[in-house]
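Input: a single structure, listed below in structure tokens.
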Number of protein chains: 2
Amino acid sequence: MQDFAEGEYAQEGRAIAMGNRSDEISKIVTRAIIHKQLLPGCKLSEQTLADIFNVSRAVVRQALIRLSEDGLVTMERNRGAFVSRPTYREAVEIYDALTILEQGVAAQLAGRLGAQGWAELRHHLELQHKAVEEKNDQLSDQLGSAFHEVFVRLSRNTVVQQMHAQLIRRTALLRSLVNSRFDYCGLLHDHGMLIDLLEQGKIVEAQKLIAVHHHNVVKGYLMNDEPQPEIDTREALSRYVSQER
Amino acid sequence: MQDFAEGEYAQEGRAIAMGNRSDEISKIVTRAIIHKQLLPGCKLSEQTLADIFNVSRAVVRQALIRLSEDGLVTMERNRGAFVSRPTYREAVEIYDALTILEQGVAAQLAGRLGAQGWAELRHHLELQHKAVEEKNDQLSDQLGSAFHEVFVRLSRNTVVQQMHAQLIRRTALLRSLVNSRFDYCGLLHDHGMLIDLLEQGKIVEAQKLIAVHHHNVVKGYLMNDEPQPEIDTREALSRYVSQER
DNA sequence: ATGTTAAAATTGATATGCAATCTTTGGTTT
DNA sequence: AAACCAAAGATTGCATATCAATTTTAACAT
């Protein structure tokens with residue numbers, strides 16, 4: 001499953017003719033951040049990235065701007081770009097925002113979603129179930145986020161979808177800062193319960209569940225501000241650029 | 001020895017230590033778009049903007065990327081950047097997203113906001129009231145949006161705040177496409193009612209009101225897809241760059 | 001060790017060049 | 001005259017080179 005071949009990408013379902021190097025690079029770096037290859041605080045030197053991706057500094061700069069607009073990267077004048085290091089407060093805000101969005105989506109979906117929609121959600125639930133059973137934390141994590149994304153996608157509102165996706169990316173970044181482990185089983189149970197409640201049209205209960213669900217997640221966060229992981233950018237990105245050039 | 005070497009600018013009243021030329025330019029263009037100086041569909045030629053702002057094409061490019069990430073500008077490969085021309089569907093999605101965010105904020109604020117908060121909202125309401133009485137549509141419009149922004153700011157969640165601000169910018173863009181006029185009086189009444197409901201802790205009623213409020217706004221939209229306004233970019237931006245140099 | 005200064009590296013921005021692609025123009029054909 | 005087509009012109013996307021400002025590092029003296 002080579003994610004990115006040449007020229008076109010699968011993004012949120014539809015194929016896009018790219019050709020935009022900076023956009024491409026920002027997406028690759030995003031993936032590296034989400035996959036915890038690039039950790040918070042990591043310096044993203046323009047020249048280094050330019051060398052890695054075989055592009056000019058200008059293109060890297062554009063990619064970094066994209067990333068900073070997305071909140072994944074922080075740019076400091078004359079000092080450079082770094083993978084963002086969110087504070088605990090920011091974490092709470094991000095999850096509050098997620099709660100608000102998903103509660104809104106829940107209200108729209110409740111009782112109003114077709115059989116196909118519920119089926120899709122339940123299908124995802126099953127995938128998650130398997131991952132949790134196999135104790136595959138990496139995959140459980142990924143599918144956990146994916147569930148939320150599918151859920152929001154069913155609202156058929158691309159604006160909400162994009163805001164939500166951005167928040168999910170930032171939660172992935174947050175998990176880089178956390179060492180505590182999740183009760184994947186409990187989270188999974190919540191997902192199943194959510195589907196049930198929504199299908200029965202119990203909006204208020206569903207919204208309450210969403211709030212508690214996110215509260216539980218953020219509660220499990222113990223930010224460790226200290227550790228400065230000394231990581232080589234080139235190495236961290238190696239697996240992502242290997243398919244390039 | 002460039003003319004703009006000072007490093008700080010008067011923007012929206014307050015002085016800002018900028019240093020980031022592209023960020024600065026994107027903000028100026030944003031204002032021009034919001035103020036309907038730059039209309040949807042308007043071509044934003046890199047060279048033209050570079051000449052206007054006295055910067056290199058690279059900087060303009062960075063600004064355009066910022067704007068496109070914000071949804072205010074659409075970039076087409078090898079064709080250039082244009083002020084976005086939202087569809088009606090997009091308008092609905094944007095207002096749905098706004099509804100979701102503000103309903104969430106309402107739930108957080110209801111009954112829980114200090115006296116100072118309610119006072120601030122009522123103060124804004126008064127300003128609006130005057131503007132509507134004076135039949136100052138431009139100002140009514142502006143204060144109308146501002147009310148929503150203040151409302152969200154009181155949630156003390158910068159993440160939600162930023163998402164909301166972005167949506168508000170996009171609604172400003174939407175209004176460029178609309179010729180129908182609003183019932184400012186009715187909208188004003190809604191704002192007042194909202195404060196009352198929230199202060200009394202009537203969350204559900206408040207949320208319902210928010211939904212209806214936005215529904216009324218979007219209902220007043222009659223997109224006119226046709227007209228291609230032939231506007232000179234330089235002229236449209238003239239008043240904004242006058243402070244430069 | 002501590003503080004200071006000089007050198008090196010990095011960023012922010014500019015200028016220029018070039019290939020790819022889009023747009024326009026002018027002629028040609030129907 | 002309208003439709004078509006191909007060459008010229010303009011614009012974008014990207015690379016390279018350069019420069020001033022600033023930060024970081026290294027070397028040095030206290």
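Only heavy atoms go into these numbers, but all of them, side chains included; no hydrogens, no water, no symmetry mates. Residue numbering restarts at 1 for every chain, and letters A, B, ... go by the order of the sequence lines.
Side-chain nitrogen and oxygen atoms of Lys43(A) include none within less than 4.0 Å of the OP1 or OP2 phosphate oxygen of dT23(D). Here Asn20(A) does not reach the OP1 or OP2 of dT12(D): none of its side-chain N or O atoms lies under 4.0 Å away.
Nearest nucleotide to the side chain of Arg77(A), out of dG12(C), dT10(C), dT12(D): dG12(C). When distances are taken from the side chain of Ser56(B) to each of dC14(D), dA13(C), dT11(D), the shortest belongs to dA13(C). The side chain of Val59(A) lies closest to dA15(D) when the candidates are dT10(C), dG17(C), dA15(D). Of the candidates dC14(D), dT11(D), dG12(C), dG12(C) carries the atom nearest the Asn78(A) side chain, counting heavy atoms from C-beta on. Comparing dT11(D), dG12(C), dG13(D) against the side chain of Met75(A) picks out dG12(C) as the nearest.
Regarding Gln47(A), its CD atom lies at a distance of 14 Å from the P atom of dT18(D), rounded to whole Å. Spacing between atom CD of Glu76(A) and atom P of dG12(C) amounts to 10 Å, rounded to whole angstrom units. Computed from coordinates, the Glu46(A) CD to dT16(D) P distance equals 15 Å when rounded to whole Å. Rounding to whole angstrom units, CG of residue Asp23(A) and C1' of dT12(D) are separated by 16 Å. Rounding to whole angstrom units, CD1 of residue Ile65(B) and P of dT12(D) are separated by 13 Å. Residue Leu44(A) contributes atom CG, which lies 10 Å from atom P of dT11(C) at whole-angstrom precision. Residue Arg61(A) contributes atom CZ, which lies 19 Å from atom P of dA17(D) at whole-angstrom precision. One atom, CG of Leu64(B), and another, C1' of dG13(D), lie 13 Å apart when rounded to the nearest Å.
With His148(A) as the fixed residue, the side chain to side chain donor-acceptor pair (under 3.5 Å) test singles out one of Arg153(A), His164(A), His124(A), Glu102(A): Glu102(A).
In this structure the side chain of Arg156(B) reaches within 4.5 angstrom of the side chain of Arg89(A), judged on heavy atoms.
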Take Asp23(B) and Lys27(B), measure what salt bridge (charged side-chain N to carboxylate O under 4.0 Å, His left out) needs, and give me the verdict at the end. CA-CA 6 Å; Asp23(B) 197 24; Lys27(B) 282 185 170 61; 3.2 Å; yes
Worked verdict on Val59(A) versus Ser56(A) for side chain to side chain contact (heavy atoms under 4.5 Å, CB included): CA-CA 6 Å; Val59(A) 173; Ser56(A) 68; 3.6 Å; yes
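Contact annotation for Arg57(B): base contact, defined as any heavy-atom pair under 4.0 Å involving a base atom. As judged by a 4.0 angstrom heavy-atom cut-off over every strand, Ser45(A) is placed among residues touching the sugar-phosphate backbone only.
Ring centroid separation for the pair His214(A) and Tyr95(A) comes in under the 6.0 Å cut-off.
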